[in-house]
There are 2 protein chains.
Amino acid sequence: MGKEVIIPNISVDCVIFGFDFEKLNVLLVERELIDSKTGAVIIKDHTLTGYHIFEDEVLDSAASRILKDLTGLENIYLEQFYTFSDIDRVAGAKDKIWLDYMNKGFADRIITVGYFSLIDSTKVELTVHNRNASWFPIDEIPGMELAFDHKHIFDKALEALRNKVKVDPIMFELLPERFTLTQLQKLLEAVFDTPLEKRNFRKKVGQMPYVVALKEKQVGVPHKPAQLYLFSREVYEKTKKERIGLMF
Amino acid sequence: MGKEVIIPNISVDCVIFGFDFEKLNVLLVERELIDSKTGAVIIKDHTLTGYHIFEDEVLDSAASRILKDLTGLENIYLEQFYTFSDIDRVAGAKDKIWLDYMNKGFADRIITVGYFSLIDSTKVELTVHNRNASWFPIDEIPGMELAFDHKHIFDKALEALRNKVKVDPIMFELLPERFTLTQLQKLLEAVFDTPLEKRNFRKKVGQMPYVVALKEKQVGVPHKPAQLYLFSREVYEKTKKERIGLMF
DNA sequence: CCCAAAGGTATCTTTTATACACTAAGTGGA
DNA sequence: TCCACTTAGTGTATAAAAGATACCTTTGGG
């Protein structure tokens, strides 16, 4: 470890998605700056989590580190999705004030590499690690004020997530290890913002050998308890066929 | 323009695909270094095309610039696909010698943003712009020696291309404006390295309103001349439906 | 006139999409 | 103890799309 020297013109920003069995959420951190004399609020908005990379650090590690700092979690699903290089992406009026105030030797021109990550939100205790971070439903983001070009980054992340979900079984990263089919369905409905037909959905899932039924059922629910399932990556790898689905 | 100051630790690398109606090719540039005293060959291999970005330049522009420098072409399809940050990606023995020899003030640690681009190879006259660039069939790449981590970058580019082709009508970028269905079929076969059934293929294409038949036919071929077609982006945009195809 | 590739028609099978309504099993309160 | 409530869980029918196979015609060059 030793001294960690940052690379001043390259950063990583993480768009952290979580699912609360109802809707899809993103983790944002509050950014607040108060004038020390007048007490006036100069800045009060939200940002994604990001930081510069260190000289001896690879982008993937930087993203993991950022995620761990914020949530305490390790070995989380992370996917690089785009690199943003607009000249003035950190040059908004508020953003300049903020960077001056931080005064950490960041460059004027910063290129940032976007990662999205999926976490089972039942596993994270935000209050323990960072008082200013909280979950926001993805459909509230368009109406919010975000720092820098973070709204743009969020949009790209959501698009990348949707594309990826269609093609890889990553949605299980957003669920607890043992989940019900209804939870899985709700998750997909939240990701694509569209209703799905229950019976057809279950028929489809029934054809996925890697979604395996456990012997356990839900307990303590005030209605018929649901069967619990498990995602087996092992079975998935063994059974996936190379489908050249073409095309648009 | 004025003086163009490079950012020493950020570059762009382009994986340029071209189609010759037979197979899919990549454009590589020969890298050669000869010892000025002994005449011994120190380095002789191939590289992708890349360069650093300028201080006032966005990644997309850098990629366009590189492509224009190499091929003379502008307004070419370009797609950013991944950013590479391995610590030692430019630190191979030969690569160090090469960078020393170039002596352009590049950093030891360079992060590079990968773009792939698709060009109609009937439009490019390599000899005019760069004597050292030539096309290589993609299935020869695994057996070749490439500079830096360019083989890795190529692999990722091909994967990204295949994914993108399944979802967007970008393959038309690899064909002349007027093309035959057999050419289109051969192209897809080359991209996915798999044979396609002619009649089913044509049935499918027949359902794409944006692939429009012209009144013209091929001339000068020693067999029945094929109908020529055109890709209409306009029609494509109007008729594409939001399909939530889900899933793996 | 023969060859080679283009282009079309017709049939059959398999796969996939979609629509739809009732019973089962728990909890909790009256 | 029974009833109300809530969510789980299931099967069938139909239509459309995709895929394989066979076979036949057209066109132009040599």
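Atom set for the values below is all heavy atoms of this structure, side chains included, hydrogens, waters and symmetry mates excluded. Quick note on labels: first sequence line is chain A, next is B, and so on, each numbered from 1.
The side-chain hydrogen bond (donor to acceptor under 3.5 Å, both in side chains) contacts involving residues 212-230 of chain A comprise A:R178-A:E216, where partners must be two or more places apart or lie in separate chains.
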Checklist entry - How does protein contact run along nucleotides 4-15 of chain C, one letter per nucleotide 5' to 3', with B for base contact, S for sugar-phosphate only, - for none, heavy atoms under 4.0 Å? => result BBBBBB------
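As a whole-Å value, the separation of B:K204 NZ from D:dA20 P is 10 Å. Regarding A:K186, its NZ atom lies at a distance of 12 Å from the C1' atom of D:dA8, rounded to whole Å. Taking atom CZ of A:F21 as the reference point, atom P of D:dT6 lies 21 Å away to the nearest angstrom.
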Which pairs of donor and acceptor atoms, one on a side chain in residues 23-31 of chain B, lie under 3.5 Å apart (sequence neighbours left out)?
{"unit_1": "B:K23", "atom_1": "NZ", "unit_2": "B:D20", "atom_2": "OD2", "d": "2.7"}
{"unit_1": "B:N25", "atom_1": "ND2", "unit_2": "B:D20", "atom_2": "OD2", "d": "3.2"}
{"unit_1": "B:N25", "atom_1": "ND2", "unit_2": "B:K23", "atom_2": "O", "d": "3.3"}
{"unit_1": "B:E30", "atom_1": "OE2", "unit_2": "B:K44", "atom_2": "NZ", "d": "3.4"}
{"unit_1": "B:R31", "atom_1": "NE", "unit_2": "B:D45", "atom_2": "OD1", "d": "2.9"}
{"unit_1": "B:R31", "atom_1": "NH1", "unit_2": "B:D95", "atom_2": "OD1", "d": "3.0"}
{"unit_1": "B:R31", "atom_1": "NH2", "unit_2": "B:D45", "atom_2": "OD2", "d": "3.0"}
{"unit_1": "B:R31", "atom_1": "NH2", "unit_2": "B:D95", "atom_2": "OD1", "d": "3.0"}

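The residue among B:N200 and A:N200 whose nearest nucleotide of DNA chain D lies closer to the 5′ end is A:N200.
Scanning for salt bridge (charged side-chain N to carboxylate O under 4.0 Å, His left out) contacts around A:E145 gives A:K94, with sequence neighbours left out. Listed by chain and residue number, B:F172, B:Y210 satisfy the ring-ring contact (aromatic ring centres under 6.0 Å, His included) test with B:F231 (two or more places apart in sequence, or in another chain). For A:N200, the side chain to side chain donor-acceptor pair (under 3.5 Å) partners are A:E197, not counting sequence neighbours.
The shortest side-chain heavy-atom distance between A:F17 and A:I138 falls under the 4.5 Å cut-off.
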